[in-house]
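Convention: sequence-line order gives letters A, B, ...; per-chain numbering from 1.
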Amino acid sequence: MSDTVKEIAYESSRYNPHEIEPKWQKKWDESKLYEVDLNDHSKPKYYFLTMYPYPSGDLHTGHWYAEAPADAAARYLRMKGFNVLFPMGFDAFGLPAENAAVKAARRGENVHPATLTYKQIDRMVKQFSQLGAMFDWSKMVVTCDPDYYKWNQWFFLKMYEKGLAYKKQSPVDWCPSCNTTLAREQVVGDDRVCERCATPVIKKDLSQWYFKITDYAEELLNFDNLDWPTRVREMQTNWIGRSEGAEVNFDTKAGKLTVFTTRPDTLWGATFMVLAPEHPYVSELTSADKQAEVATYIEETQRKTEIDRMAEGKEKTGVFIGAYAKNPVTGKEIPIWIADYVLMGYGTGAIMAVPYGDQRDFEFARKFKLDIVAVVKPDDSVDLGALDKAYDGPGIMINSGPINGQIHNGEKGKKSPAVAAAIDYLEAQGIGKGATTYRLRDWLISRQRYWGTPFPIVYCDEHGAVAVPYEDLPVALPTDVEFMPTGESPLKSHDSFLNTTCPICGKNATRETDTMDTFMDSSWYWFRYLTPHKTDAPLDAELAKHWAPVDTYTGGIEHAILHLMYARFFTKVIRDLGLIDHGEPFKRLRNQGIILGEDNEKMSKSRGNVVNPDNLVSEYGADTVRTYLMFIGPWDQGGPWNSKGIEGPTRFLGRSWTLITDEASSDTPADKPTLKELKRAVHSAIKEVTDDFENFQFNTAIAELMTLVNAMSKSKSKQVVETLEWQEGLEALIKMLAPIAPHISEELWERTGHTGSIHLESWPSYDESALVKNSISMAIQVNGKVRGQIEVSIDASKDAILEAAKTESNVARYLENAQIIREIVVPGKLVNLVIKA
RNA sequence: GCCGAAGUGGCGGAACUGGUAGACGCGCUCGACUCAAACUCGAGUGGAUAAAACCGUGCGGGUUCGAGUCCCGCCUUCGGCACCA
């Protein structure tokens with residue numbers, strides 16, 4: 001704060017956002033106000049990242065809801081003294097642009113996805129400028145640019161060399177509408193639909209490229225030192241699905257058959273085995289007389305989709321394959337069955353069935369009349385002979401040879417003494433070992449589409465899949481392609497792309513025509529913002545060391561598993577390639593909710609409930625729209641748009657404007673108590689607003705600023721505005737408004753006689769001593785109910801407070817003919833008198 | 001079924017480590033300005049009541065001088081996972 005009162009040239013003009021917003025956007029642009037010098041180490045760095053959008057060509061209210069508060073938070077940090085990097089770019093590969101091209105092809109027109117995408121990017125950059133955000137566009141990243149996707153290919157080759165990228169044939173999820181395979185993560189919901197178009201997926205047996213994310217399963221479960229919402233951590237943890245247990249080997253005539261179990265302690269109760277119908281041992285083990293029956297069952301299973309299986313409920317089906325395995329601890333021969341409730345993709349695709357302890361095995365045993373042996377005794381009151389369902393609770397091991405008498409305490413893995421004892425026994429006997437499995441599958445990255453990163457792989461008759469040499473990168477996506485009305489990738493019919501030579505032998509070879517999942521692009525893009533045009537490496541090690549990891553990352557919850565898990569995986573891979581020395585990309589994560597239409601439904605053209613931000617800006621101005629979006633409620637909750645609700649922030653900015661630009665009319669003297677109260681209000685607001693910004697509570701920050709404006713309006717007079725206290729209040733108010741409403745605050749800053757941008761000012765700090773009130777109001781309770789209020793000085797003694805409390809007229813009524821048995825004084829808050837009548 | 005989050009006025013939502021429930025805003029009511037309306041400004045606004053007593057944070061208990069907040073048992077909504085061995 002300056003120590004002289006500035007002359008304000010009052011002029012009675014109304015707040016007109018349409019005049020001031022374009023004016024300041026232009027000035028900021030010209031002065032490169034938001035361009036960040038990445039090599040400026042004079043201030044601590046802060047990397048504030050918000051998820052880059054797909055260039056749909058139209059900035060909608062959801063983008064505003066995501067970006068405006070993120071911008072405010074980044075601006076706040078800049079005023080707090082950080083060198084803040086707040087970049088923006090475009091997730092430019094993907095289906096919408098390609099589908100538009102295919103659609104055009106059906107009409108006989110030629111619309112190239114690249115042309116369309118870049119046009120839409122131009123339009124969105126312009127729309128973004130309306131928002132008044134401090135994006136540093138000099139660092140923009142566009143993922144469909146060969147400069148960018150070249151490095152996707154580079155990373156792919158590095159991973160291929162390390163065995164982290166591999167190709168395998170297996171049943172995969174296929175979206176018939178998007179005409180491509182999907183990663184497991186992109187198949188969602190009970191009805192297994194495509195994440196982007198909600199079409200039910202089908203299974204196809206295809207040879208596809210994968211990233212070995214499962215190698216990092218254990219590390220991905222570790223969220224130590226990450227300030228992430230529990231919800232997201234929970235979702236990823238569920239998805240990875242860690243199970244601790246043991247692998248046990250059973251002897252069969254086809255050789256050793258390994259099963260995974262979380263309950264090795266119940267091995268003595270394993271009375272049969274079940275294999276997945278696809279298990280490789282099935283053909284070998286099936287006896288001659290069972291061949292036909294087994295073949296039929298396998299065929300039925302294959303024909304059934306997952307939805308069919310679900311629709312049939314959980315009624316167990318299966319067939320005995322005419323073979324036996326030896327239970328390694330009891331020595332008994334137990335029958336081997338196949339059933340579709342055992343999945344080939346999990347564990348070893350084979351289970352030991354313990355009908356006593358597992359509900360599925362129990363149902364199977366009941367249906368097919370198989371033995372049930374009790375192995376855990378819960379307590380004396382349970383009749384083991386009269387089971388109607390499996391028992392998986394705690395108890396004492398029985399009928400279990402060497403582990404008889406061990407306690408199963410109901411905990412998972414080795415936390416249960418019985419499980420630990422069983423694993424020890426298996427390992428000592430050499431028949432099994434402790435093991436952990438994960439539900440997580442490897443990331444399928446092949447897509448049968450055009451508009452994505454080509455794989456740097458060629459197929460040679462002699463050498464198989466061969467990596468394209470690094471010096472030949474990028475493998476450019478050809479632009480002279482014809483889109484098939486069928487939706488099939490044009491790469492398949494593009495001769496000069498398809499036909500090439502083998503890098504090893506020089507003979508004719510063909511290129512891989514699939515392209516990479518676009519989640520590849522977003523798995524490392526934040527590094528590229530640091531050096532978007534670097535030609536010799538994907539990232540700059542020096543800059544990455546200084547700027548990464550990202551300090552705060554914001555975006556929608558819909559990426560909780562997909563993008564955020566892939567990005568974590570990729571960061572660990574890049575670390576293991578030796579390019580960086582950290583393994584987590586985003587230190588702090590905050591998710592915004594979804595902004596809904598006024599009818600509380602998702603905004604969609606078909607519902608007709610879309611709120612268009614361009615219209616809002618032309619009606620209210622960007623600052624008001626920003627303020628309202630932040631004021632609407634907690635950011636992570638989202639909620640419905642309310643066209644009446646925006647009136648609140650509209651009036652608030654209008655009142656702030658008049659408070660500062662209108663000459664005072666009242667004549668109240670600027671006496672000491674008034675000024676002290678004014679100062680208290682200002683400093684209290686600074687404290688609260690600061691805390692709220694730290695905690696991403698934009699709604700309450702704005703409420704505090706409204707309170708401050710109301711308080712200042714009340715105390716405003718010709719005399720008061722002449723004081724330093726008033727000026728300090730005005731400056732603090734404008735500064736605190738700056739991150740939220742950057743245009744009006746810049747204008748008010750100028751009009752109050754300041755030079756230079758408010759956005760280069762530092763955040764106000766508060767004085768603890770200014771927060772102290774002279775006197776405080778205390779509630780007087782009698783038996784916990786408020787019966788009166790007293791006003792006492794801040795330093796009043798406990799006795800004085802009690803004296804005042806008891807003589808308060810309404811309180812005194814209650815005290816008549818009553819005995820006070822307890823007196824509780826909470827300083828600054830209340831007095832509670834406990835009486836007995 | 002397992003795991004997680006949340007239930008507060010007519011509405012969006014506040015409430016720090018248990019301490020005056022409903023900040024701030026919308027809406028509504030009354031008033032001023034205006035020929036009138038809009039804007040703006042001022043006053044009021046949880047319910048019930050003439051007023052006090054009283055009733056109020058999903059429901060039922062409990063702990064405490066005092067519970068939206070802590071404990072036990074439920075209900076509802078939302079999200080994730082699920083024939084995962």
Side-chain angles (χ1 to χ4, degrees), chain A residues 14 188-190 229-243 245 259-264 266 270 274 276 306 309-310 312-317 339-343 345-354 357-361 363-364 437-440 557 560-561 627-628 631-634 636-637 639-652 654-655 658 688 691 697 699-710 713 777-789 810 813 820-835:
Chain A
R14 290 186 58 183
V188 298
D190 287 346
T230 37
R231 175 146 171 239
V232 177
R233 298 202 311 253
E234 177 76 19
M235 282 167 78
Q236 290 200 6
T237 304
N238 276 348
W239 187 259
I240 296 164
R242 182 182 200 275
S243 294
V259 302
F260 173 75
T261 176
T262 55
R263 293 293 304 279
T266 64
V274 186
E306 319 233 348
R309 263 158 73 170
M310 223 106 62
E312 284 167 19
K314 288 176 183 172
E315 176 71 15
K316 295 286 173 289
T317 59
D340 63 5
Y341 82 92
V342 175
L343 311 171
Y346 186 78
T348 62
I351 61 157
M352 61 178 215
V354 183
D358 183 285
Q359 185 59 25
R360 294 155 301 180
D361 299 346
E363 286 165 20
F364 197 84
T437 57
Y438 303 88
R439 211 185 65 90
L440 180 70
I557 188 78
I561 296 174
T627 308
Y628 178 57
F631 184 64
I632 212 164
D636 57 352
Q637 257 172 47
W641 176 265
N642 183 332
S643 52
K644 287 277 190 202
I646 196 172
E647 293 302 334
T650 305
R651 287 172 196 153
F652 163 62
R655 277 204 308 276
T658 36
E688 299 297 328
D691 287 351
Q697 286 158 348
N699 57 331
T700 48
I702 292 165
E704 277 303 325
L705 290 175
M706 287 172 168
T707 308
L708 177 61
V709 168
N710 293 346
S713 300
S777 160
M778 290 179 76
I780 313 302
Q781 298 181 335
V782 177
N783 285 347
K785 299 202 184 225
V786 180
R787 300 301 183 191
Q789 296 281 336
N810 194 43
R813 274 178 39 213
I820 299 178
I821 52 176
R822 206 164 155 186
E823 295 167 339
I824 291 140
V825 179
V826 183
K829 299 279 183 187
L830 54 72
V831 173
N832 191 9
L833 302 170
V834 185
I835 60 167

Within the structure shown, what part of the strands sits under 4.0 Å from A/Arg233 by heavy-atom distance: base, sugar-phosphate, or nothing? nothing
A/Ile632 near the nucleic acid: base, sugar-phosphate alone, or nothing, with a heavy-atom cut-off under 4.0 Å? sugar-phosphate
Check every strand shown and say whether A/Ser777 touches a base, only sugar-phosphate, or nothing at a heavy-atom separation below 4.0 Å. base
Just to be sure I understand: a Watson-Crick pair is purine N1 to pyrimidine N3 plus N6-O4 or O6-N4, both under 3.5 Å. Using that and G-U wobbles, which stems of three or more pairs involve RNA chain B? B:1-7 with B:75-81, B:10-12 with B:24-26, B:27-32 with B:40-45, B:58-62 with B:70-74
Rounded distance (Å) that lies between atom C1' of B/G66 and atom CD1 of A/Ile780: 14 Å
Could you state the atom-to-atom distance from CG of A/Asn783 to P of B/U20 in whole Å? 17 Å
Scan A/Gln781 against the nucleic acid and name what it touches under 4.0 Å (heavy atoms): base, sugar-phosphate only, or nothing. base
Atom pairs under 3.5 Å, N or O on each side, protein against nucleotides 31-34 of chain B: can you list them with distances?
none

Specify the separation, in whole Å, of atom CG of A/Leu830 and atom C1' of B/G19. 4 Å
Given B/A82, B/C54, B/A85, which nucleotide is nearest the side-chain atoms of A/Leu343? B/A85
Using a 4.0 Å heavy-atom cut-off, does A/Pro640 contact any base of the nucleic acid, only the sugar-phosphate backbone, or nothing at all? nothing
When we call it a touch if two heavy atoms are under 4.0 Å apart, what does A/Arg231 touch: a base, just sugar-phosphate, or nothing? sugar-phosphate
With sugar-phosphate meaning primed atoms plus P, OP1 and OP2, does A/Gln789 contact a base, only sugar-phosphate, or nothing at under 4.0 Å between heavy atoms? base
Under 4.0 Å protein heavy-atom contact, by nucleotide of nucleotides 23-28 of chain B - B base, S sugar-phosphate only: BBSSS-
